[in-house]
**Student:** 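Okay, handing you the structure first.
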Amino acid sequence: MGPAFQITGYGLYVYANSFFRYEGQWKSGKKHGHGKLLFKDGSFYEGEFVDGEITGNGLRYWASSGNKYSGEFQAGELHGYGVMQYKDGGRYEGEFVFGIREGHGLLVDKEGKTYSGAFHNNKKYGAGQMKFMNGDNYEGDWILDQRQGHGVLHCADGSIYEGQWRNDVFNGQGIMIHCSGVIYDGLWINGHPAVAAKKMVILGEDIINFIQGSPSTVHIQLQTEEGETVNNENGRVLKISAGIKYLQPIRSQTPSFLELIEDLEEKPFQTPFGYECINYPLTQTVSRNQDQKDTVPFNSQSRSVSCGISLLSKDSISEHGSVASQETESALNSFGESEYPEISVTTDEMYLPPSNVRVEAGCAVFKDIMPGPPPSKVQHLLSINETDKNKGKKPSKISAEKMTVSQEKIEDSRSETIMKERKVKKENQLQDSNLVRPGEYIIIMVEDVTVPPFLGYTLPPVFKLTRVLLEKPKGKTSRKETLKIASM
């Protein structure tokens with residue numbers, strides 16, 4: 001309640017309860033014009049008054065919260081356009097209706113997130129844009145401070161989602177273009193694809209056959225946990241490789257420096273067949289472009305201008321073997337330069353390590369895949385079975401008289417035998433280095449190498465037992481035979 005007397009002009013008035021004090025302009029006993037109303041707790045208003053009411057432009061400060069508002073007022077309420085500065089660092093600039101955010105405005109919260117758009121009853125409601133501190137940017141519909149309706153999210157890592165939202169997450173029909181190149185176009189539930197890839201499957205029999213020297217095709221399918229094909233996904237990157245059963249070689253008690261280096265270079269990997277494998281090279285047939293040279297020079301020290309590997313022709317595989325990997329090239333180098341004179345071949349095809357492929361409609365195809373030449377370490381493992389077979393033979397009984405020979409003859413005979421064994425071993429390596437032996441089993445492995453992983457999840461690798469044959473078999477491999485092979 002104002003003063004009982006009529007006053008016009010400038011004056012100071014202290015209310016009876018001493019909580020309020022007004023200093024400013026008066027008209028006919030009412031606060032009118034510019035003035036300052038102070039509160040006992042330290043709060044205040046300074047600005048325009050009309051007929052005793054806070055109306056017009058002014059500045060309001062609340063001591064209890066520390067908030068400060070500058071803008072339009074009506075009858076003591078924040079009404080119209082104004083700027084609210086919050087004590088925690090947040091800030092709102094926009095429209096107010098009787099003390100609440102209503103209409104269009106710009107809100108910056110204490111964390112630095114910026115929202116520009118429509119408000120209703122103090123909450124984000126309608127069309128608006130939000131810029132997040134991590135660089136993400138959303139533009140679309142809002143309801144009650146949450147993203148709901150249709151919207152587009154541009155992530156800082158380059159990923160994009162456009163589609164339906166509910167409760168602030170992907171819900172409904174939408175498409176995501178992930179920064180890794182993966183595209184999922186379909187239904188989303190609570191932020192996740194409704195049909196999400198959880199595993200890979202190599203299609204075909206329990207044991208698939210590779211025909212020696214003939215390119216083969218390997219088909220991969222992405223599936224859910226229930227075995228449903230994920231047709232809505234494209235772009236995941238898959239890698240194919242092979243392995244052969246690892247048998248620990250017998251070494252001396254004190255390993256050599258080269259043996260230690262080999263251990264550091266490659267470690268066996270576990271398979272679901274109950275044994276470990278080491279890498280076995282695969283090759284892929286690639287047609288050469290017409291503008292490429294028709295002759296490919298090769299020797300044990302040759303290098304390709306791409307990928308740092310040597311290239312061989314189809315015709316030279318049977319004689320010298322294709323170079324499918326750095327391990328294979330190293331094996332060839334170990335034979336010595338003199339074993340591989342420089343050659344030139346004419347061909348329309350080249351043999352390279354298999355390229356990674358991208359998934360299309362939940363499926364991927366590796367074409368023209370062949371087993372490559374085994375590296376020296378693998379050649380050694382391939383020969384262990386033969387050695388084990390010979391171990392089982394009992395030595396013939398030799399009379400004591402025949403065993404009594406001089407030490408010199410024993411040494412000479414031993415040296416001669418070692419030289420012959422080395423010569424035969426090197427000849428066998430040259431003959432067998434081109435292809436895996438018929439009847440041998442290798443493990444095909446396919447890995448998800450998508451970077452970064454799609455939605456933070458990498459599919460587990462999948463394995464398939466593969467047999468190398470001279471010709472296509474007439475019958476199918478039985479389940480019993482599969483179990484027998486897996487236990488070898």
**Student:** Mind jotting down which residue pairs meet the salt bridge (charged side-chain N to carboxylate O under 4.0 Å, His left out) criterion with at least one end in residues 103-117? Sequence neighbours excluded, please.
**Tutor:** Asp109-Lys113, Glu111-Lys113

**Student:** Which residues pass the salt bridge (Lys or Arg N to Asp or Glu O under 4.0 Å) test with Lys124, not counting sequence neighbours?
**Tutor:** Asp145

**Student:** Who passes ring-ring contact (aromatic ring centres under 6.0 Å, His included) against Phe454, sequence neighbours left out?
**Tutor:**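 Only His178 meet the ring-ring contact (aromatic ring centres under 6.0 Å, His included) criterion with Phe454.
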
**Student:** Please name all residues satisfying salt bridge (Lys or Arg N to Asp or Glu O under 4.0 Å) with Asp185, sequence neighbours left out, ordered by chain then number.
**Tutor:**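 Checked Asp185 against salt bridge (Lys or Arg N to Asp or Glu O under 4.0 Å); zero matches.
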
**Student:** Between the main-chain N or O of Val359 and the side-chain N or O of Glu233, is there a donor-acceptor pair closer than 3.5 Å?
**Tutor:** no

**Student:** Side chain of Asp168, backbone of Arg147: donor and acceptor closer than 3.5 Å?
**Tutor:**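 Indeed, once roles are kept as given, a pair shorter than 3.5 Å links the two residues.
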
**Student:** Looking at Tyr45, I'd like to know if the NZ or CZ of Lys36 sits under 6.0 Å from its six-membered ring centre while staying within 45 degrees of the ring's axis.
**Tutor:** no

**Student:** Once the angle between the rings of Trp165 and Tyr138 is folded into 0 to 90°, is it parallel (under 30°), tilted (30 to 60°) or perpendicular (over 60°)?
**Tutor:**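 Ring orientation of Trp165 relative to Tyr138: perpendicular.
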
**Student:** Among pairs that include at least one residue of residues 58-74, which meet salt bridge (charged side-chain N to carboxylate O under 4.0 Å, His left out), considering only residues two or more places apart or in two chains?
**Tutor:** none

**Student:** If we ignore angles and hydrogens, is there a donor and acceptor under 3.5 Å between the side chains of Gln221 and Thr229?
**Tutor:**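 Note: Gln221 and Thr229 side chains meet the donor-acceptor criterion.
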
**Student:** Under the rule for side chain to side chain donor-acceptor pair (under 3.5 Å), what residues qualify as partners of Glu102, not counting sequence neighbours?
**Tutor:**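 Side chain to side chain donor-acceptor pair (under 3.5 Å) check on Glu102 returns His120.
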
**Student:** Quick one: list whatever passes salt bridge (Lys or Arg N to Asp or Glu O under 4.0 Å) with Arg91, sequence neighbours left out.
**Tutor:** Glu93

**Student:** I'd like to know if the side chain of Thr283 and the backbone of Met370 have a donor-acceptor N/O pair within less than 3.5 Å.
**Tutor:** yes

**Student:** Please lay out, stage by stage, how Asp206 and Leu465 fare under the test side chain to side chain contact (heavy atoms under 4.5 Å, CB included).
**Tutor:** CA-CA 7 Å; Asp206 292 333; Leu465 198 60; over 6 Å; no

**Student:** Just to verify, what does Asp136 make a side chain to side chain donor-acceptor pair (under 3.5 Å) with, not counting sequence neighbours?
**Tutor:**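 Expected list: Asn134.
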
**Student:** Pairs in or reaching into residues 445-465: which pass side-chain hydrogen bond (donor to acceptor under 3.5 Å, both in side chains), with residues at least two apart or in two chains?
**Tutor:**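 Checked against side-chain hydrogen bond (donor to acceptor under 3.5 Å, both in side chains) - neighbours excluded - the pairs reaching residues 445-465 are Arg236-Asp448, Asp448-Thr450.
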
**Student:** Return the set of residues passing salt bridge (Lys or Arg N to Asp or Glu O under 4.0 Å) with Glu46 (not counting sequence neighbours), or none when no residue passes.
**Tutor:** none

**Student:** What residues, two or more places apart in sequence or in another chain, satisfy side chain to side chain donor-acceptor pair (under 3.5 Å) together with Ser43?
**Tutor:**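 Checked Ser43 against side chain to side chain donor-acceptor pair (under 3.5 Å); matches are Asp41.
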
**Student:** Name all residues meeting the side chain to side chain donor-acceptor pair (under 3.5 Å) criterion together with Asn121; count only those two or more places apart in sequence or in a different chain, and write none if there are none.
**Tutor:** none

**Student:** With no hydrogens and no angle check, is any side-chain donor or acceptor of Ser159 less than 3.5 Å from a backbone partner on Cys179?
**Tutor:**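 Yes.
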
**Student:** When you measure from the side chain of Asn171 to the backbone of Asn190, do you find a donor-acceptor pair of N or O atoms at a distance under 3.5 Å?
**Tutor:** yes

**Student:** If you draw the axis of the six-membered ring of Phe19, does the NZ or CZ of Lys40 fall within 45° of it and under 6.0 Å from the ring centre?
**Tutor:** no

